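Since the structure is predicted, the reported quantities are computational estimates derived from the model, not experimental observations. Atoms within each ligand, like the ligands themselves, are counted from 1 in listed order.
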Amino acid sequence: MGGPGMATDQGGYANSVGVDPHPAYLRGSLKVQDFVWPEDERPDVPFDSFDGEDAFPVVDLSLLLSSDPRDTDKLVKEMAAAAADWGFFRIVNHGVSLELVAKVEALAHEFFQLPSSQKLLVARNSDLPFGYSGSEIAVRIKNWTETLQLIWGKELITKIAEKVWTSESERQRFINIVEEYCVAMGNLSKLLLELLLQGLGLEATCLNQHFGPKSVSTLRLNFYPPCPQPDLTFGTQPHADYGVLSILYQDSIGGLQVLKRGRWVSVKPQAGSFIVNIGDCLQVWSDCKYQSVLHRAVVNNFAARLSMPFFYNPLDEAVISPLQILVDKSHRAKYKPFTWADYRKQFELAKARKHSPTDFYKI
Ligand SMILES: O=C(O)CCC(=O)C(=O)O
Ligand SMILES: [Fe+2]
């Protein structure tokens with residue numbers, strides 16, 4: 001492996017491109033070739049090419065504030081059409097404080113700028129399944145990224161904060177900001193799920209029993225350093241999210257791409273908005289009326305990028321199977337039932353086999 005012009009020694013690489021290389025690379029634990037993907041799998045659309053993006057669905061949540069019920073109907077229909085057609089949509093006027101978003105963003109930058117030795121104090125391993133990963137620790141396939149994965153729940157957020165920071169005030173600040181953001185994302189996720197269920201003609205609250213304080217929803221902070229040869233690698237490889245739904249904040253750089261009818265479409269950054277996508281569980285509950293769609297993040301050679309997806313997940317014991325009311329003689333269930341705990345295990349196995357874990361439960 002190794003593309004034309006790809007430097008092979010560390011000094012040559014760092015000097016020739018004039019950008020900060022990936023920290024794992026700097027530490028010498030990875031060679032630049034480790035990030036190079038096979039030629040036929042590399043990104044074919046650059047991060048700043050927006051062909052097809054003008055059709056990307058946008059949903060205005062301020063319609064919920066209208067006293068005219070037709071406005072809510074309109075919103076529900078638009079959301080359902082987007083979830084069926086793209087599996088993705090942008091939300092604006094969502095009511096989450098932009099100041100809070102900016103605080104989480106600043107906190108994320110603070111974390112990723114810490115010395116590696118400090119970040120590695122919370123490295124993901126079998127004792128700490130959530131936490132920090134640079135490419136060298138976590139994954140088989142090398143993505144040009146560092147991530148900090150946090151579980152929504154004071155206990156685990158505290159565990160991370162205590163390992164990273166020695167000062168009590170810094171710990172408390174981290175815990176409070178992350179907790180406040182997770183609460184906001186959790187509430188927004190619940191609302192979006194209810195609207196999406198209404199969009200299927202169902203009772204808004206019909207899945208409520210599958211969620212509770214013990215659900216393991218997660219917040220992931222993705223930091224993508226600038227990459228000298230972005231066309232050879234990914235920030236986040238193509239994948240579908242496996243939970244119920246995800247709410248993603250991306251900064252102003254751009255890099256998220258969504259697969260739409262076989263073509264990768266870059267999603268423009270837009271201040272104040274979030275990107276929502278349907279995960280595998282909701283695809284199954286909706287018996288494929290809503291789609292969990294492949295997406296990926298590409299990197300660039302001039303600026304670091306931050307994205308922050310929140311993954312809304314059900315309780316471990318939640319049973320996920322096509323909702324009975326959607327299944328009739330002319331429309332038979334496409335999946336066997338499984339629990340969320342089973343699915344997570346299946347997901348890990350499927351990663352190695354490079355196929356969707358939903359395939360395992362297909363009828
Ligand atoms: O960075 C992005 O825009 C996408 C990240 C993503 O899809 C993920 O972390 O699941
Ligand atoms: Fe994702």
Side-chain angles (χ1 to χ4, degrees), residues 22 43 45-50 53 56 83 86-91 101 104-105 108-109 111-112 124 130-135 138-139 141-152 181-182 185 189 216-227 230 233-260 264-271 273-283 290-300 303-313 343-344 347-348 350-351 356-358:
H22 191 283
V45 177
F47 81 101
D48 56 353
S49 151
F50 293 104
E53 208 268 353
F56 190 79
W86 283 76
F88 265 83
F89 50 91
R90 183 190 301 285
I91 50 172
V101 180
V104 189
E105 189 176 6
H109 278 291
F111 175 81
F112 289 113
R124 279 169 82 163
F130 292 85
Y132 172 71
S133 52
S135 291
V139 281
I141 300 173
K142 307 294 190 260
N143 290 318
W144 194 266
T145 183
E146 297 179 70
T147 67
L148 178 65
Q149 184 136 319
L150 301 162
I151 295 195
W152 176 17
Y181 189 67
C182 286
M185 289 295 107
S189 301
V216 267
S217 291
T218 55
L219 172 64
R220 182 189 296 158
L221 309 176
N222 295 315
F223 179 75
Y224 305 103
C227 177
T233 191
F234 288 106
T236 298
Q237 71 205 63
H239 67 283
D241 292 347
Y242 64 111
V244 176
L245 58 84
S246 314
I247 305 178
L248 177 118
Y249 164 84
Q250 63 166 340
D251 70 12
S252 60
I253 301 298
L256 171 66
Q257 298 187 333
V258 171
L259 193 64
K260 174 76 165 92
W264 289 99
V265 176
S266 304
V267 181
K268 274 187 192 154
Q270 187 183 305
S273 71
F274 291 117
I275 304 298
V276 176
N277 62 294
I278 305 300
D280 291 349
C281 291
L282 191 47
Q283 171 172 301
Y290 293 155
Q291 292 185 65
S292 170
V293 163
L294 284 180
H295 55 286
R296 65 191 190 185
V298 294
V299 285
N300 68 73
R305 169 174 182 259
L306 188 81
S307 76
M308 314 194 299
F310 176 84
F311 304 104
Y312 188 52
N313 296 329
Y343 197 63
R344 288 212 308 272
F347 181 79
E348 287 307 316
K351 253 201 252 172
S356 164
T358 49

J.: Of all N, O or S atoms in Asp241, identify the one at the shortest distance from the Fe ion (ligand 2).
T.: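 Output for this pair reads OD1.
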J.: Rounded to the nearest 0.5 Å, what separates atom CZ in Phe311 from atom CG in Leu245?
T.: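 It comes to 11.0 Å.
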J.: What atoms of ligand 1 come within less than 4.0 Å of a heavy atom belonging to Arg305?
T.: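 Per the distance check, 1 (O), 2 (C), 3 (O).
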J.: Starting from atom 5 (C) of ligand 1, locate the nearest protein heavy atom and write down its residue, its atom name and how far away it is, to 0.1 Å.
T.: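 I find the closest protein heavy atom is Asn222 ND2, 3.5 Å.
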J.: Give the atom numbers and elements of ligand 1 that come within less than 4.0 Å of a heavy atom of Asp241.
T.: 10 (O)
J.: In this structure, does ligand 1 have an atom that sits under 4.0 Å from one of the heavy atoms of Gln250?
T.: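 Gln250 does not count as a contact of ligand 1 under the 4.0 Å cut-off.
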J.: Quick check: do Arg296 and Asn143 have side-chain heavy atoms less than 4.5 Å from each other?
T.: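 No; the side chains remain at least 4.5 Å from each other.
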J.: Does either side chain, that of Ser307 or that of Asn222, offer a donor lying less than 3.5 Å from an acceptor on the other one?
T.: yes
J.: Would you call the rings of Phe112 and Tyr132 parallel, tilted or perpendicular if under 30° counts as parallel and over 60° as perpendicular?
T.: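 Judged by the thresholds at 30° and 60°, the geometry between Phe112 and Tyr132 is tilted.
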J.: On a heavy-atom basis, which atom in Pro46 and which in Ser266 lie closest, and how many Å separate them?
T.: O-OG, 3.5 Å
J.: Within a strict 4.5 Å, meaning less than it, do heavy atoms of the Tyr312 and Ile247 side chains meet?
T.: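 Tyr312 does not reach Ile247 side chain to side chain.
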J.: In sequence, state the C-alpha distance, the side-chain angles, and the governing distance for Asp241 and Asn277, and then conclude on side-chain hydrogen bond (donor to acceptor under 3.5 Å, both in side chains).
T.: CA-CA 8 Å; Asp241 292 347; Asn277 62 294; 3.1 Å; yes
J.: Starting from atom 2 (C) of ligand 1, locate the nearest protein heavy atom and write down its residue, its atom name and how far away it is, to 0.1 Å.
T.: Ser307 OG, 3.4 Å
J.: Does Thr236 reach ligand 1 with a nitrogen or oxygen that is under 3.5 Å from one of the ligand's nitrogen or oxygen atoms?
T.: no
J.: Which of the numbered atoms in ligand 1 are under 4.0 angstrom from any heavy atom belonging to His295?
T.: 7 (O)
J.: Between ligand 1 and His239, can you find any atom pair, the residue atom being a heavy atom, that is separated by under 4.0 Å?
T.: yes
J.: Assess, by modelled atom type and distance only, whether the side chains of Ser292 and Tyr242 contain a donor and an acceptor separated by less than 3.5 Å.
T.: no
J.: Does the side chain of Ser356 come under 3.5 Å of the side chain of Thr358 through a donor N or O and an acceptor N or O?
T.: yes
J.: So, does Pro309 sit close enough to ligand 1 that a heavy atom of it is under 4.0 Å from the ligand?
T.: yes
J.: Should one rank Arg220, Gln149, Gln257 by closest heavy-atom distance to atom 8 (C) of ligand 1, which comes out on top?
T.: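 Of the listed residues, Arg220 has the closest heavy atom.
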J.: What atoms of ligand 1 come within less than 4.0 Å of a heavy atom belonging to Ala297?
T.: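 Here the atoms of ligand 1 in question are 1 (O), 2 (C).
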J.: Number the atoms of ligand 1 from 1 as they appear, then name those within less than 4.0 Å of a heavy atom of Tyr224, with their elements.
T.: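 Selected atoms, number and element: 1 (O), 2 (C), 5 (C).
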